[in-house]
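For reference, the structure discussed in these notes is given below.
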There are 2 protein chains.
Amino acid sequence: MSGLGDEQPNPIRLLLADDQALVRGALAALLALEEDLTVVAEVGRGDEVVPEARRTAPDVALLDVEMPGLDGIAAAAALRAALPACRVLMVTTFGRPGYLRRAMEAGASGFVVKDTPARQLADAVRRVHAGLRVVDPTLAAETLAAGVSPLTERETEVLRTARSGGTVADLAGALHLSEGTIRNHLSAAIGKTGARNRAEAIRVAEQNGWLLGE
Amino acid sequence: MSGLGDEQPNPIRLLLADDQALVRGALAALLALEEDLTVVAEVGRGDEVVPEARRTAPDVALLDVEMPGLDGIAAAAALRAALPACRVLMVTTFGRPGYLRRAMEAGASGFVVKDTPARQLADAVRRVHAGLRVVDPTLAAETLAAGVSPLTERETEVLRTARSGGTVADLAGALHLSEGTIRNHLSAAIGKTGARNRAEAIRVAEQNGWLLGE
DNA sequence: GACGGCCCCTGACAAATGTCACGGTCGGGG
DNA sequence: CCCCGACCGTGACATTTGTCAGGGGCCGTC
């Protein structure tokens with residue numbers, strides 16, 4: 001377990017971002033057991049990541065994807081831009097192929113799903129800090145298989161808006177488009193996802209991580 | 001903070017059940033910091049709860065609702081039946097009103113959402129162990145407001161099956177009912193939930209926790 | 001400049017969905 | 001006993017949804 005009196009001279013400084021306070025605190029406790037790691041910041045919203053990182057200058061940031069304010073991927077990009085020295089390790093619930101792709105494009109160094117064994121987390125942090133990449137091989141394979149989103153920008157937007165479950169008229173109003181156009185976009189999305197329903201199309205797109213912001 | 005050499009004589013014995021190994025391990029680390037608590041078992045599936053509890057005889061079981069094998073509510077009921085001495089504290093991601101109701105009916109002593117501050121968890125465990133009830137007051141109010149599910153058994157079943165997103169014909173085939181009957185049940189569910197869609201009805205029912213098993 | 005991709009719109013059509021009125025079975029409670 | 005509610009089914013109907021064939025406008029690239 002943790003050293004008693006011998007503090008590490010230069011421990012790895014960590015920032016934790018997760019919207020669930022309980023798991024955030026629990027992760028902090030888990031990582032604090034390692035004598036070469038120290039948690040210097042905790043935030044619960046994506047838009048707090050960069051300001052807090054500026055204040056505390058962490059070496060590695062552990063970011064959840066699902067967060068209010070700003071999703072973890074966007075936060076990762078912003079963080080890379082603001083503090084290039086800080087590495088990013090995504091820690092997320094869902095192993096959506098698209099998430100991994102977007103995270104890597106955003107400059108993340110690692111991607112860990114929340115059902116990996118707890119003991120491996122500290123090692124992942126160390127690897128990332130050392131400049132290595134950490135990726136679940138299974139997930140990487142899926143990502144290659146799923147490929148880039150076939151949906152056009154408008155189609156994703158329509159699909160994302162349709163997630164809440166409104167009628168075509170609602171969508172048309174919300175997006176300032178004609179109902180026919182909405183139907184066309186939906187039809188295209190249904191075709192591209194191989195679904196038979198609007199609902200199915202949404203499910204498929206969601207599972208592949210094709211419905212992220214922007 | 002943990003005591004160094006002075007182990008508590010009779011620490012509270014805990015069982016942890018959560019399907020995400022990482023948060024499970026993290027929670028274990030968090031709770032292990034308290035000198036009057038000790039984690040004696042960890043499981044990742046609902047149907048492993050009772051066997052493992054039989055083996056380790058915990059005082060308090062922390063159960064997640066979303067788990068493979070057997071959902072946390074059912075696991076709680078089974079655990080109460082098998083080991084009445086063991087108290088149950090539900091720890092879950094979603095504060096669905098129906099979840100709380102069902103958990104209480106299943107004999108749980110406490111209900112904590114995963115975005116409560118980490119420091120409060122140990123206290124919740126102690127309270128539950130002492131025979132008290134632990135419930136988020138906001139959630140309790142919502143539960144009262146949402147009331148019991150207005151859906152009849154068949155309607156819930158149809159709605160739950162419809163979640164996967166199939167056509168009426170699919171549902172009819174899966175449930176061995178006529179398409180007309182399926183449509184009737186769906187229509188009734190849509191009316192009762194105040195939705196305008198099948199999709200909306202599913203969302204509402206899900207948010208209220210009306211779609212749980214059995 | 002021609003081409004292709006994406007975008008927006010229209011209109012029309014078939015299919016799926018949601019609603020309604022109706023009948024019938026079964027079990028429990030007044 | 002009779003009524004009520006949940007349940008299953010039918011058939012007909014209006015609405016919504018999904019599809020298709022067009023028509024433009026706006027970039028980019030070849």
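Order of the sequence lines fixes the chain letters, A, B, ..., with proteins taken first and strands second; residue numbering starts at 1 for each chain. The basis for the numbers below is simple: all heavy atoms, side chains too, and nothing from hydrogens, waters or symmetry mates.
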- Does the side chain of B:R101 reach to within under 4.5 Å of the side chain of B:E105, using non-hydrogen atoms?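 Side-chain contact under 4.5 Å: yes.
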
- Item | Any B:L121 side-chain heavy atom under 4.5 Å of B:L62 side chain |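 Side-chain contact under 4.5 Å: yes.
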
Expressed in angstrom and rounded to an integer, what is the separation of [X] atom [atom1] from [N] atom [atom2]?
{"X": "B:R154", "N": "D:dC8", "atom1": "CZ", "atom2": "C1'", "result": "9 Å"}
{"X": "A:H185", "N": "D:dT19", "atom1": "NE2", "atom2": "P", "result": "15 Å"}
{"X": "B:I190", "N": "D:dT17", "atom1": "CD1", "atom2": "P", "result": "11 Å"}
{"X": "A:L186", "N": "D:dT16", "atom1": "CG", "atom2": "C1'", "result": "12 Å"}
{"X": "A:R198", "N": "D:dT19", "atom1": "CZ", "atom2": "P", "result": "11 Å"}
{"X": "B:E179", "N": "D:dA12", "atom1": "CD", "atom2": "P", "result": "15 Å"}
{"X": "B:H176", "N": "D:dG9", "atom1": "NE2", "atom2": "P", "result": "11 Å"}
{"X": "A:I182", "N": "C:dC8", "atom1": "CD1", "atom2": "C1'", "result": "11 Å"}

- For B:R45, does the CZ atom sit with more than 12 other heavy atoms under 6.0 Å from it, leaving out its own atoms?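 Counting neighbours around CZ of B:R45, more than 12 heavy atoms of other residues, nucleotides or ligands fall under 6.0 Å, so yes.
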
- Walk me through it: do A:E66 and A:F94 pass the test side chain to side chain contact (heavy atoms under 4.5 Å, CB included)? CA-CA 9 Å; A:E66 292 84 19; A:F94 305 107; 3.2 Å; yes

Of the listed nucleotides ([options]), which one gets closest to any side-chain atom of [X]?
{"X": "A:T152", "options": "C:dT17, D:dT19, C:dC6", "answer": "C:dC6"}
{"X": "B:T181", "options": "D:dT17, D:dT19, D:dT10", "answer": "D:dT10"}
{"X": "A:E153", "options": "C:dC9, C:dC7, C:dA12", "answer": "C:dC7"}

- Polar pair under 3.5 Å, donor/acceptor by atom type, side chain B:N184, base C:dC20: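 Side chain to base: pair found, below 3.5 Å.
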
- Query: Any side-chain N or O of B:S178 under 4.0 Å from OP1/OP2 of D:dT10?
  - Reply: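 So the side chain of B:S178 is within the cut-off, an N or O lying under 4.0 Å from OP1 or OP2 of D:dT10.
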
- Query: If you measure from CG on B:L79 to CZ on B:R54, what distance do you get to the nearest 0.5 Å?
  - Reply: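 Going from the CG atom of B:L79 to the CZ atom of B:R54 covers 9.5 Å.
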
- Message: Here's a test of your reading of the structure: between B:G180 and B:N197, which maps to the more 5' nucleotide of DNA chain D?
- Response: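 Final value for this comparison: B:G180.
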
